[in-house]
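A short worksheet on the structure shown next.
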Amino acid sequence: MRGRTPRTVAEAEAIQDELRALVDLAGPGPLRPARVAGVDVAYDGERLAAAVAVLDGATLEVVEQVVVGGRVAFDYVPGLLAFREVPALVEAMGRLTVTPDLVVCDGYGLAHPRRFGLACHLGVLTGLPTIGVGKTAFVGSYPVPAAERGSWSELTLDGDVVGRVLRTRDGVKPVFVSVGHRVDLETACHNVLALTPRYRLPETTRVSDQLSRKGLIENVTFE
DNA sequence: GCGACAG
DNA sequence: ATCTTGTCGC
């Protein structure tokens with residue numbers, strides 16, 4: 001279950017249009033997940049390190065970590081990020097000994113040109129509940145949310161609400177939340193706030209980001 | 001037609 | 001993503 005690796009942009013877009021039908025937007029998804037995973041990928045030219053960190057949903061303490069090395073198989077193209085990161089992430093998740101109740105991705109989910117961002121892609125391939133948390137704007141328009149943590153505004157694309165711009169820290173740049181698979185938007189935002197007791201980004205994102213970079217330096221597994 | 005564009 | 005030091009502020 002790694003998904004096909006397209007050779008062209010047209011081929012990749014066709015795969016997204018096909019897999020989009022498998023996304024489960026019914027939710028609701030976990031409100032108090034026991035285990036929450038964070039995934040991220042770090043690069044060094046052709047080499048890459050994909051990491052998955054599983055945290056206890058209540059204490060936010062790290063429960064398990066996995067890092068796998070690999071090679072870039074698809075250049076970065078806005079809208080096709082998943083083809084660059086998902087294969088290695090699926091490989092890393094396959095090595096987990098515990099099953100996450102929720103997976104927090106770096107990037108977008110439904111808020112995507114074809115409504116099938118990285119979070120949706122990883123969700124469909126693993127079957128797990130996923131959400132996307134982006135650090136910068138990608139698609140859609142939105143009013144700037146109030147300055148207090150917890151404030152949010154709707155992210156709209158072509159007349160559809162595809163996500164929320166959520167303030168996780170008072171007076172700090174907000175994050176872009178969109179659902180991936182088997183989780184609704186309200187539940188996704190509740191979880192993001194639960195994962196940001198102190199920093200702008202979810203603990204899951206921070207731990208997996210640090211882990212992937214460390215894996216790159218230590219020349220972890222390779223392919 | 002010309003930019004903008006998750007990571 | 002990645003290239004990159006110190007510095008201002010809570």
Side-chain angles (χ1 to χ4, degrees), chain A residues 3 5-6 9 12-13 15-16 19-20 23 38-53 67-90 92 103-125 130-142 147-149 155-158 162-181 185 188 192 196-202 204-217 220:
Chain A
T5 296
V9 168
E13 296 181 334
I15 291 176
Q16 294 185 322
L19 296 180
R20 180 178 51 205
V23 176
V39 295
D40 194 24
V41 180
Y43 303 86
D44 173 33
E46 286 289 288
R47 293 195 310 141
L48 66 80
V52 51
V67 190
V68 301
R71 292 283 171 185
V72 174
F74 200 88
D75 289 325
Y76 173 70
V77 176
L80 302 180
L81 174 65
F83 294 99
R84 185 176 167 79
E85 312 200 324
V86 165
L89 290 177
V90 169
V103 180
V104 180
C105 305
D106 257 49
Y108 289 64
L110 231 204
H112 177 277
R114 282 170 298 287
R115 305 296 194 278
F116 195 72
L118 170 60
C120 298
H121 205 136
L122 187 61
V124 167
L125 260 48
T130 61
I131 65 174
V133 178
K135 298 182 285 293
T136 63
F138 176 39
V139 293
S141 55
Y142 59 92
E148 299 69 43
R149 163 182 157 83
L155 179 61
T156 304
L157 179 62
D158 301 322
V162 294
R164 285 184 188 174
V165 181
L166 178 67
R167 195 80 71 171
T168 55
R169 300 300 302 165
D170 287 0
V172 174
K173 189 175 192 269
V175 296
F176 300 76
V177 181
S178 56
V179 306
H181 185 56
L185 189 53
V192 171
T196 52
R198 174 165 174 139
Y199 300 102
R200 175 197 177 221
L201 300 178
T204 40
T205 300
R206 304 182 73 250
V207 177
S208 57
D209 175 82
Q210 165 187 166
L211 184 60
S212 64
R213 298 196 199 196
K214 185 171 62 180
L216 206 54
I217 302 174
V220 187

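Just so we're clear, the structure is a prediction, and the values are computed from it rather than from any experiment. Each chain gets a letter, A, B and so on, in the order the sequences are listed, and its residues count up from 1. As a basis for the values below, the full set of heavy atoms in this structure was taken, side chains included, without hydrogen atoms, waters or symmetry mates.
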Going through the distances and angles, do A/Leu201 and A/Val175 end up as a side chain to side chain contact (heavy atoms under 4.5 Å, CB included)?
CA-CA 8 Å; A/Leu201 300 178; A/Val175 296; 4.0 Å; yes
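- Secondary structure note: stems in DNA chain B built from 3 or more consecutive Watson-Crick or G-U wobble pairs under 3.5 Å do not occur.
- Atom CG in A/Asp106 sits about 7 Å away from atom C1' in B/dG7, given to the nearest Å.
- One finds no side-chain N or O of A/Tyr43 lying less than 4.0 angstrom from the OP1 or OP2 phosphate oxygen of B/dG7.
- Here the straight-line distance linking atom CD1 of A/Ile217 with atom OG of A/Ser212 works out to 9.5 Å at 0.5 Å rounding.
- The side chain to side chain donor-acceptor pair (under 3.5 Å) check on A/Thr205 picks up nothing, with sequence neighbours excluded.
- The distance from atom OH of A/Tyr108 to atom C1' of B/dA6 is 6 Å, rounded to the nearest whole Å.
- Two residues are said to be in side-chain contact when any heavy atoms from C-beta on lie closer than 4.5 Å; A/Tyr199 and A/Arg169 fail this criterion.
- Both geometric conditions, a ring-centre gap below 5.5 Å and a plane tilt below 30°, are not fulfilled together for A/Phe176 over the base of B/dA6.
- Partners of A/Arg213 according to the side chain to side chain donor-acceptor pair (under 3.5 Å) rule, which considers only residues two or more places apart in sequence or in another chain, are A/Asp209.
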Go through A/Leu89 and A/Val52 one step at a time and tell me if the side chain to side chain contact (heavy atoms under 4.5 Å, CB included) criterion holds.
CA-CA 7 Å; A/Leu89 290 177; A/Val52 51; over 6 Å; no
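- Residues satisfying the side chain to side chain donor-acceptor pair (under 3.5 Å) criterion with A/Arg164, sequence neighbours excluded, are A/Glu186.
- Residues meeting the side chain to side chain contact (heavy atoms under 4.5 Å, CB included) test with A/Thr204, sequence neighbours left out: A/Val36, A/Leu55, A/Val104, A/Leu195, A/Pro202.
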Just list the side-chain donor-acceptor pairs under 3.5 Å for residues 76-86 of chain A, sequence neighbours left out, or say none.
| unit_1 | atom_1 | unit_2 | atom_2 | d |
| --- | --- | --- | --- | --- |
| A/Arg84 | NH1 | A/Phe74 | O | 3.3 |
| A/Glu85 | OE2 | A/Tyr43 | OH | 2.8 |

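- The side chain to side chain donor-acceptor pair (under 3.5 Å) check on A/Arg115 picks up A/Asp160, with sequence neighbours excluded.
- Atom CG in A/Leu211 sits 13.5 Å away from atom CZ in A/Arg206 (nearest 0.5 Å).
- Of all the residues in residues 164-174 of chain A, not one reaches under 4.0 Å from DNA chain B with any non-hydrogen atom.
- Exactly one of A/Arg20, A/Gln16, A/His121 qualifies for a side-chain contact (heavy atoms from CB on, under 4.5 Å) with A/His112. That residue is A/Gln16.
- In this entry the distance linking CZ of A/Arg84 with P of B/dG7 reads 13 Å, nearest Å.
- Within the nucleic acid shown, A/Ala111 has no heavy atom closer than 4.0 Å to any nucleic acid atom.
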Before giving the answer on side chain to side chain contact (heavy atoms under 4.5 Å, CB included), spell out for A/Val39 and A/Asp106 the whole-Å C-alpha distance, their side-chain angles and the decisive distance to 0.1 Å.
CA-CA 7 Å; A/Val39 295; A/Asp106 257 49; over 6 Å; no
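- Within residues 132-142 of chain A, the residues having any heavy atom under 4.0 Å from DNA chain B are, by residue number, A/Gly134, A/Lys135, A/Thr136, A/Ala137, A/Phe138.
- Among residues two or more places apart in sequence or in another chain, the salt bridge (Lys or Arg N to Asp or Glu O under 4.0 Å) test is passed with A/Lys173 by none.
- Remark: A/Arg71 CZ to A/Glu46 CD distance equals 7.0 Å, nearest 0.5 Å.
- Nucleic acid contact for A/Leu80: base, since at least one base atom lies under 4.0 Å from a heavy atom of the residue.
- Regarding A/Ile131, its CD1 atom lies at a distance of 15 Å from the C1' atom of B/dA6, rounded to whole Å.
- Atom CZ of A/Phe83 is separated from atom C1' of B/dA6 by 14 Å (rounded to the nearest Å).
- Going from atom OH of A/Tyr108 over to atom CG of A/Leu155 covers 6.5 Å, rounded to the nearest 0.5 Å.
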Which nucleotides of DNA chain C pair, in dot-bracket form (Watson-Crick or G-U under 3.5 Å, | meaning another strand)
..........
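- Running 5' to 3' along DNA chain C, contacts with non-hydrogen atoms of chain A at under 4.0 Å begin and end at C/dA1 to C/dT2.
- Distance A/Leu157 CG to B/dA4 C1': 14 Å, rounded to the nearest Å.
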